[in-house]
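What follows is one structure encoded as structure tokens, with my remarks underneath.
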2 protein chains.
Amino acid sequence: MVSTVPFDDFHIEDGSPVYLQIMLFVKRGIVAGSIQNGDELPSRRVLSSLLGVNPNTVQKAYRMLEEEGLIQSHTGAKSYVVLDQAKKYRIRAELMEAHAKATIRAMRQMGISKEEALSVIDRLWES
Amino acid sequence: MVSTVPFDDFHIEDGSPVYLQIMLFVKRGIVAGSIQNGDELPSRRVLSSLLGVNPNTVQKAYRMLEEEGLIQSHTGAKSYVVLDQAKKYRIRAELMEAHAKATIRAMRQMGISKEEALSVIDRLWES
DNA sequence: GAAACTGTATTAGTCATATAATACAGTTGT
DNA sequence: ACAACTGTATTATATGACTAATACAGTTTC
């Protein structure tokens with residue numbers, strides 16, 4: 001079932017470039033399964049207007065997603081998600097490991113034990 | 001026992017501003033206990049030379065740490081760490097919660113269960 | 001007191017991010 | 001065919017992070 005990638009629950013935060021936030025949102029959606037092979041992406045103009053950012057910013061995110069082989073664009077036509085199991089698995093592993101390792105490094109540098117780190121995450125999970 | 005804050009195991013990564021990385025390193029050292037009240041900080045020039053960055057970048061980090069009340073500087077003299085239990089506790093809670101929440105949000109957006117998230121962190125902890 | 005260190009300040013320049021305005025090329029739907 | 005959408009490209013501008021060079025003020029040490 002082909003649908004349009006929903007950007008409803010995407011909100012811009014500060015701290016990292018917007019084009020990276022858009023890329024991450026798409027990748028996380030792919031891992032979650034809410035974005036599937038063949039799905040249609042909102043046009044650059046539509047999404048930039050929806051997010052309140054410049055079309056060039058969306059274009060940059062889309063272009064880099066295309067360079068990673070996750071979407072395809074052709075002048076004049078809509079852009080579509082291009083996925084297979086291998087890509088999905090790769091992204092899932094990449095993102096999970098990256099996030100986990102970042103957290104672990106921070107916690108270790110603070111001298112926090114594995115047990116306390118896990119317990120804090122467990123406790124804060126529902127919120 | 002007063003010593004000089006050690007920046008030996010600090011390495012610059014790309015992705016976030018260097019002055020923020022320096023601030024984070026100091027804060028994590030405070031939480032870990034390797035940085036204590038009264039400790040002496042390397043001078044702006046010495047640290048910038050050690051890290052291979054511009055003195056202004058170190059100055060920005062130090063100035064913001066001073067604005068947070070974690071260090072004190074006086075023209076002509078060295079800069080020192082100024083801590084008490086309340087500050088340490090506040091920083092510890094702030095950092096732990098920030099890191100945990102960031103990880104949780106990412107994992108949730110990927111549709112990863114709490115159990116799998118915890119298990120991944122547990123597995124990657126030793127590395 | 002003088003040298004050698006401290007912190008602080010200013011000015012100029014580069015680079016990445018993002019905005020703004022505009023233009024052109026190709027498609028889709030009627 | 002034509003209108004209304006697509007993607008793509010260019011030029012100009014602004015801001016934050018960072019570099020570079022330099023200057024000045026205050027301290028510590030001998």
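We name chains A, B, ... by the order of the sequence lines, and we start the count at 1 in each one.
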**Study point:** Side chain to side chain, B/K87 and B/E68, heavy atoms closer than 4.5 Å
**Key:** no
Practice item. Identify whether any heavy atom of A/V58 sits under 4.0 Å from a base atom; if not, whether one sits that close to sugar-phosphate; answer base, sugar-phosphate or nothing. Key: nothing
**Study point:** Separation of D/dA17 C1' from B/M23 CE (nearest whole Å)
**Key:** 15 Å
Check your understanding: Atom CD1 of A/I12 and atom P of C/dT19: how far apart are they, to the nearest Å?
Key -> 7 Å
Review point. Just how far, in rounded Å, is C1' of C/dT17 from CG of A/D14?
Key: 14 Å
Review point. Looking at the side chain of A/T57, which of D/dT6, D/dT19, C/dT19 is the nearest nucleotide?
Key: C/dT19
Detail all sub-3.5 Å separations between protein N/O atoms and N/O atoms belonging to nucleotides 8-12 of chain C.
{"from": "C/dT8", "atom 1": "OP2", "to": "B/R44", "atom 2": "NH2", "distance (Å)": "2.6"}

Review point. When clusters are formed by joining ILVMFWY residues with side-chain heavy atoms under 4.5 Å apart, either directly or through shared neighbours, do B/L65 and B/L83 land in the same one?
Key: yes
Revision key, fill the gap. Note: for B/L41 and A/Y19 on DNA chain C, the residue whose nearest nucleotide lies more 5' is B/L41
Check your understanding: For A/Q21 and C/dT17, what is the distance between atoms CD and C1' respectively, to the nearest whole Å?
Key -> 12 Å
Practice item. Verify, without hydrogens or angle tests, whether A/R44 (side chain) and A/T57 (backbone) share a donor-acceptor contact under 3.5 angstrom. Key: no
Check your understanding: What's the closest nucleotide to the B/V18 side chain, out of C/dA18, C/dT6, D/dC18?
Key -> D/dC18
Practice item. Find out whether B/M96 and A/I112 are in side-chain contact, i.e. whether some heavy atom of one side chain is under 4.5 Å from a heavy atom of the other. Key: yes
Practice item. In sequence, state the C-alpha distance, the side-chain angles, and the governing distance for B/R92 and A/E116, and then conclude on salt bridge (charged side-chain N to carboxylate O under 4.0 Å, His left out). Key: CA-CA 12 Å; B/R92 181 184 158 94; A/E116 183 174 4; 2.4 Å; yes
Review point. Has the side chain of A/N54 got a donor or acceptor atom sitting under 3.5 Å from an opposite partner on the base of C/dA18?
Key: no
Practice item. Would you indicate whether the side-chain heavy atoms of B/Q72 and B/Y80 approach each other to under 4.5 Å? Key: no
Review point. Atom CG of B/L51 to atom C1' of D/dT19: distance rounded to whole Å?
Key: 15 Å
Check your understanding: Can you tell me if CG on A/D84 sees more than 12 non-hydrogen neighbours from other groups inside 6.0 Å?
Key -> yes
Review point. Looking at A/K60, does any N or O in its side chain come under 4.0 Å of the phosphate oxygens OP1/OP2 on C/dA18?
Key: no
Check your understanding: How long is the line joining CG of A/L65 and P of D/dG7, in whole Å?
Key -> 13 Å
Review point. Just how far, in rounded Å, is P of C/dT28 from NZ of A/K78?
Key: 10 Å
**Study point:** B/M64 CE - D/dG16 P separation (whole Å)
**Key:** 13 Å
